[in-house]
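Contents: one structure, followed by commentary.
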Amino acid sequence: MKAITLISILAITGCAVEGVDDTSAELSTCAGATVEGVDVSDGQGAIDWAAARGAGIEWAAIKATQGTYNTQATFAANWQHARAAGVLRGAYHFFDPREDGVAQAQHFLAVVGPLAADDLPPMLDLECPDGNSACLGWAGGTGATPAGLIRQRVIAFLDTVEQATGKRPIVYTFNAYFSSNGVDTTGLDRWPLWIAYPVSGGCFQFPAPWAQPAMWQWSWTGQVPGIAGGVDRDRFLGTREQLLALAHGASGATRFEGSGAWLSGFGRPDLALVGDFDGDHRDDIAWYEHWNGGAVTVARSTGAALVASGTWLTGYGTPDWAAAGDFDGDGKTDLVWYEAWNGGALTVLRSTGAGFVNDGAWLRGFGRPDRAFVGDFDGDGKDDLAWYEAWNDHALTVMLSTGHGFASRGRWATGIGAPDWAAAGDLDGDGKADIAWYEAWNQGAIHVLHSTGGGFDVRPWASQLATPTLGFVGDVDRDGVADVAWYQNGAIAVGRSTGAGAGDFATFVSGWGAPGWAALGDFDGDGRADVAWYELWNRASINIGLAR
């Protein structure tokens with residue numbers, strides 16, 4: 001991963017750099033706290049990641065693809081083994097400006113697959129065209145393309161990948177790339193910069209409009225145990241904690257910004273549920289009305305409004321409990337319908353993207369719960385159920401989804417007193433759903449039942465909280481970790497999760513009257529949980545407060 005037009009590297013004094021594209025670089029910086037990393041491709045062959053980690057390598061950028069035509073033979077092994085060795089991993093794509101940006105993004109996403117919460121954001125390697133006839137790796141591969149088309153395709157790639165992963169991609173390049181190709185950089189600083197500037201000292205230059213790079217490639221000839229030959233060396237410009245925040249995609253959300261009524265004229269539901277029912281990465285709302293023929297109507301999000309898409313199901317009686325979750329792991333949210341009278345049946349209504357299909361009873365024989373929760377408790381990509389019964393030794397029994405049924409895995413916890421409020425979400429960012437458990441009598445404490453994949457480990461999380469009128473769990477700041485939102489006296493305060501506890505609860509919105517129904521969901525598809533607020537008196541409107 002080298003920007004091959006960079007010229008002779010000279011020693012530097014202070015932050016004055018000579019001879020390294022200094023005519024196109026507009027700003028200079030010197031590294032403070034850093035975290036060491038490498039970037040690798042097929043050229044490094046097999047890598048001993050445990051040895052590299054032992055030598056101080058804490059993160060790695062791993063080449064996955066190039067254009068629409070190349071998949072790196074070593075990517076899958078590097079991707080797996082880097083994580084196993086405790087190295088934070090990120091995947092990068094070598095951009096071919098001759099090809100459509102969306103098509104390249106789709107190729108990259110198909111090869112990399114779903115990202116873990118602590119994976120680094122995807123990275124886009126911009127090197128060609130650079131005047132070299134072999135810049136794409138073969139003679140005549142100059143990558144020559146008009147400047148406007150380069151910009152269009154780069155932005156299309158970045159937008160597509162961000163939409164699919166919920167993480168803001170990182171742009172890797174060298175100082176002269178945009179200026180030498182005549183590419184307009186306006187707005188490109190929306191994406192973090194990784195600058196190639198190999199020098200022997202700690203200062204380097206970078207291009208406008210970026211105010212500061214996030215990463216710095218400081219050597220092309222590094223030597224690292226476990227990696228044969230020379231390897232590119234990199235530094236994250238910050239602390240490990242800041243690198244983890246970048247990995248989780250923290251957006252710094254500070255408020256719920258009212259965006260008005262996204263839908264009006266819906267009568268009060270007997271039940272309303274939030275989920276991505278059509279699989280477009282934006283949450284929708286399913287509205288159940290017993291009086292209306294037992295119909296479930298879905299209002300689909302366009303990213304700026306909720307549009308009624310008709311009745312997806314009819315003829316269902318009011319359930320004793322119901323919830324939304326992706327139980328078959330296909331990326332579309334389904335419904336689970338529990339009827340105590342019907343043999344304690346848990347029936348899954350599977351989404352096709354345009355309707356719900358009765359998939360039959362996935363499990364029978366379970367008594368009515370005091371509380372029930374949906375979440376991916378074992379981290380396999382399919383949502384499961386947790387069933388709390390106070391009468392049954394205050395036990396939480398987990399039923400794991402197989403994709404076509406629920407298999408009881410027994411009690412994961414016992415002896416837990418009934419909560420005043422509880423909800424499920426991945427509160428520690430490990431890819432497995434946990435349960436937040438609030439007890440007003442216990443000094444207003446929230447304890448989190450952290451999933452180990454085979455049980456719950458109870459840990460303190462927050463205390464001295466007054467009982468909420470409403471409570472929610474969702475990833476408000478897009479850092480891969482679920483937060484807690486607390487509604488009291490017309491205000492919603494959010495306690496952002498650190499992974500091990502809650503930060504101070506900060507007010508995100510105030511002056512909102514009590515709703516007839518409310519929920520968190522990512523309604524605009526930016527990876528942050530927004531709040532939906534239903535007011536019957538206000539033209540039966542669903543108002544959305546966007547996390548910003």
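Using a 4.0 Å cut-off between charged side-chain N and carboxylate O, R409 and D384 make no salt bridge. The pair R548-D524 counts as a salt bridge, with a side-chain nitrogen and a carboxylate oxygen less than 4.0 angstrom apart.
When only modelled atom types and interatomic distance are considered, D428 and H450 share a side-chain donor-acceptor pair under 3.5 Å.
R89 forms a cation-pi arrangement with W79, by the criterion of a distance under 6.0 Å to the ring centre and an angle within 45° of the ring axis.
Under the 3.5 Å distance criterion, the side-chain polar atoms of D284 are matched with a main-chain donor or acceptor of S301.
When side chains are defined from C-beta on, D334 counts as touching D326, because their heavy atoms get closer than 4.5 Å. Looking at heavy atoms from C-beta onward, F373 lies out of side-chain contact with V473 at the 4.5 angstrom threshold.
Listed by chain and number, the residues in a side-chain hydrogen bond (donor to acceptor under 3.5 Å, both in side chains) with N442 are E439 (sequence neighbours excluded). Under the rule for a side-chain hydrogen bond (donor to acceptor under 3.5 Å, both in side chains), the partners of H394 that lie at least two apart in sequence or sit in another chain are Y388.
Partner Y288 forms a ring-ring contact (aromatic ring centres under 6.0 Å, His included) with one of F356, W312, W337, F266 and no other, that one being W337.
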Item to complete: Apply the test ring pair (Phe, Tyr, Trp, His ring centres under 6.0 Å) to residues Y438 and W486: give CA-CA distance (whole Å), side-chain angles for both, the deciding distance (0.1 Å), then the verdict.
Response: CA-CA 11 Å; Y438 170 73; W486 221 239; 5.1 Å; yes

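Taking the six-membered ring where tryptophan is involved, the planes of H107 and H93 are perpendicular, since the angle between them exceeds 60° and thus also 30°.
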